[in-house]
2 protein chains.
Amino acid sequence: MFSYICGEQVLAKYMGTKEKIIEVSIELFSNNGYNGVSIRDITKLVGIRESSLYKHFKSKEEILDNIFEIFIQSYNQTNLTEEEIQVKVKQTDLLPFLRIAIENFFRDMETPILEKIFRILMNEQFRVEKARNIIINYLMHYPVSFYAFVFQEKLKDSFPDYILLAREFHYPVFAMVYEYSVAKINNGQLSEIKKQIFEHVDFYFNNILVNRQIPNIQL
Amino acid sequence: MFSYICGEQVLAKYMGTKEKIIEVSIELFSNNGYNGVSIRDITKLVGIRESSLYKHFKSKEEILDNIFEIFIQSYNQTNLTEEEIQVKVKQTDLLPFLRIAIENFFRDMETPILEKIFRILMNEQFRVEKARNIIINYLMHYPVSFYAFVFQEKLKDSFPDYILLAREFHYPVFAMVYEYSVAKINNGQLSEIKKQIFEHVDFYFNNILVNRQIPNIQL
DNA sequence: GTCTATACTCAGATAGAC
DNA sequence: GTCTATCTGAGTATAGAC
C-alpha cells in the first residue's frame, strides 16, 4: 500500500522499552480493539509495571496516536515524486506495471506490523477521526491519484476522466485487500482472493484499457 | 443492501424496554464501540437500573448478538428467490435494473438503524467473528451471487465468468458505500460520493457490458 | 527508568425487597 | 420487571522509594 512501484520495505526496527510498548500494543489492539486492551495487559506483556509505562507515554491515547504515526511515516517514506513515477511509467508496459503495483501493495499489506495497524485503523475508524482519515486518504484517495497520473501518462488524451478510470481500477483492489485481511483471521482461502485480485488486473486491462488505446500509444 | 430489487423497507418497530435497550445500544455502540460503552451508559439512557437490564439480556454480549440478528433478519426478509429475480430481470432493461439495485442498496444503507449496525459491524469485525462473517457474506458475497445470476440471465453465454463480472460490478460499490458511511461521520461531501457510484454504474455498463452483447439479446 | 503501593473510578453482574 | 444495595474485579493514572 506504500510502495506502488519501488517495492521497498521501509519500517524502522525498534528495540527499547518504548518501542516494545508500541510493538505489544499493536499486537493487542489489533486483536482486541483499543478499548478491549488495558494498560495492565500491555505492561504485563512488555514485562514492566503500569507506572513505568507513563514514563514513555503520558496516556493510553498517546500510544494509539504513535501507532497511527508509524503507519503514516511508512507510507510517506515510500512515496514517489511525479518525476520518479514518470520515469517508471516510461520504462514499463502498462500491464506489468499494474501487476507490480498490486504486488507491492499486497506485500506491504502483508507486513505483519502494517497488517495489524490496518486492522486497528479499521477497528477504531468510527470512533477516532484520525483513523478514518488515514484509511480514506492513504488507502483510497492517494492510490486513485497515483493511478490517475499513471493512466494520464500512458493513455494521453484518449479518455478524459482519469480519476474515474483510476477509481474503477483501485476500488475493487481496496475491497479485496480488505477481504483478504479478514480471510486471514478466519484462516480462510487466501490464495483464492489473491488470484481474484490479479484476475481483476487482467480483466481491467483487457476490457477497459485496451479500448482506450490510440494507434501510436504503446500500452 | 437488502432489497436490490423490490425496494421494500422491512424493519420491525420496537416499543418495549427490551427494544429500547437494543435501540440505545445500537446508538452507543456505533459511536463508541462495544468496549467503549458500559451497561451503565445504556441503562442510564434507557431510564432503568443496571440490574433491570439483566431481566432482558443475560449479558452485554447478548445485546450485541441481538443487534447482529436484526441486521441478518432485515437482510433475509428482503431476499428474493431466483424465480422472482428472473421475472424482474425479464421486465427491466439491464442499465435501469442496475441503477435501481444500487438505489435500493443505498437507501437501505441510509436507514438510520442499519447504518449504525453497519458501523458496529465494521468496528467489531476483527474482534468478533460473527461481525466479519456478516460483512463478508451479506455485503460482499451475496450481492456478487445476485449480480452473477442477473448477468447470466441477461447475457446468456456471451461471457463465461459471471462471478468475475459481478465482482467487478459490486466491489467498487462496496468500497464507495463504505466511503459514504465514513464521509457521513466527517460531514463530508455525500452527494459527490453518491454521484461517483452512479458514474460507476454507467461506466461499467458502457465499457464492459455492451461489449458482451450478442445480436439477439436485449440488454 | 524501574519498582511498590495505592488512589480513585468504573466495569459487569447479582441478591433480594417491592 | 423495576428498584436499592452491593460484590468483585478491572480500569487509568499517580506518588514516591530506589
Side-chain angles (χ1 to χ4, degrees), chain A residues 12-70 119-120 123-124 126-131, chain B residues 12-70 116-117 119-120 123-124 126-131:
Chain A
K13 289 276 169 278
Y14 296 103
M15 301 159 75
T17 301
K18 180 162 185 173
E19 290 70 30
K20 190 86 192 284
I21 292 169
I22 292 283
E23 196 188 355
V24 166
S25 299
I26 290 173
E27 178 66 32
L28 293 177
F29 288 165
S30 69
N31 287 326
N32 308 97
Y34 176 80
N35 282 314
V37 176
S38 69
I39 296 290
R40 282 203 237 281
D41 294 333
I42 296 167
T43 54
K44 197 175 181 181
L45 263 178
V46 171
I48 56 169
R49 296 291 176 171
E50 297 98 293
S51 54
S52 303
L53 183 140
Y54 290 92
K55 300 288 177 184
H56 303 282
F57 299 96
K58 73 172 208 292
S59 71
K60 193 184 167 190
E61 278 289 339
E62 201 181 81
I63 300 174
L64 186 65
D65 198 71
N66 263 260
I67 292 171
F68 291 162
E69 286 302 323
I70 289 173
R119 279 197 242 165
I120 297 170
N123 266 318
E124 310 305 330
F126 291 109
R127 198 178 58 80
V128 184
E129 190 180 1
K130 189 168 183 170
Chain B
K13 289 274 168 278
Y14 296 104
M15 300 159 75
T17 301
K18 181 163 185 172
E19 290 71 30
K20 189 86 190 284
I21 292 168
I22 292 283
E23 196 188 354
V24 166
S25 298
I26 290 173
E27 178 66 31
L28 293 177
F29 288 164
S30 69
N31 287 326
N32 307 95
Y34 176 79
N35 282 313
V37 176
S38 68
I39 296 290
R40 286 203 233 282
D41 293 333
I42 296 167
T43 54
K44 196 173 179 182
L45 263 178
V46 171
I48 56 168
R49 297 290 177 174
E50 296 98 293
S51 55
S52 302
L53 183 140
Y54 289 92
K55 299 287 178 185
H56 302 282
F57 300 95
K58 75 172 205 295
S59 71
K60 192 184 166 190
E61 279 289 341
E62 201 180 83
I63 301 174
L64 186 65
D65 198 71
N66 264 259
I67 292 171
F68 291 161
E69 286 300 326
I70 290 173
K116 283 167 193 158
I117 299 180
R119 281 197 240 164
I120 297 170
N123 266 318
E124 309 305 329
F126 291 108
R127 199 179 57 81
V128 184
E129 190 180 0
K130 189 167 184 171

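Proteins get letters first, then strands, A, B, ... in listed order; numbering begins at 1 in each.
Closest to the side chain of B/S38, from the set C/dG12, D/dC3, C/dT2, is C/dG12. Proximity note for B/H56 (side chain, C-beta onward) versus D/dA13, C/dT2, D/dT2: the nearest is D/dT2.
The cationic atom of A/K18 (NZ for Lys, CZ for Arg) lies less than 6.0 Å from the six-membered ring centre of A/F57 and within 45° of the ring axis.
Phosphate proximity of D/dA13 to A/S51: absent, as no side-chain N or O sits under 4.0 Å from OP1 or OP2.
Of the two residues near DNA chain C, A/I48 and A/R40, the one whose nearest nucleotide lies more 5' is A/I48. Each of B/E50 and B/G47 lies near DNA chain D, and the nucleotide nearest B/G47 is the one positioned closer to the 5' end.
Between the P atom of C/dA11 and the CD1 atom of B/I42 lies a distance of 10 Å, rounded to the nearest Å. Across the protein-nucleic acid pair, B/L53 atom CG and C/dT14 atom C1' stand 13 Å apart, rounded to whole Å. Distance A/K60 NZ to D/dG11 P: 9 Å, rounded to the nearest Å. Atom-to-atom, CD1 of A/I63 to C1' of D/dT12 comes out at 11 Å; the value is rounded to the nearest Å. Taking atom CZ of A/F57 as the reference point, atom P of C/dT2 lies 12 Å away to the nearest angstrom. Nucleotide C/dG1 holds its P atom 16 Å from the NZ atom of A/K20, rounded to whole Å. Summarising the geometry, the separation between NZ on A/K55 and C1' on D/dA15 is reported as 9 Å, rounded to the nearest angstrom. If you take CD1 of A/I39 and C1' of C/dA11, they are 16 Å apart, rounded to a whole angstrom.
The side-chain heavy atoms of B/K116 and B/N31, taken from C-beta on, include no pair separated by under 4.5 Å.
Judged by distance alone, the side chain of B/D41 and the main-chain N or O of B/S38 form a donor-acceptor pair under 3.5 Å. Not a single donor-acceptor pair under 3.5 Å links the side chain of A/Y34 to the backbone N or O of A/I120. A/E19 contributes a side-chain N or O that, together with a main-chain N or O of A/G16, makes up a donor-acceptor pair within less than 3.5 Å.
Within 4.0 Å of A/V37, counting heavy atoms only, lie sugar-phosphate atoms of the nucleic acid but no base atom.
The base of D/dC3 has none of its N or O atoms less than 3.5 Å from a complementary donor or acceptor on the side chain of B/S52.
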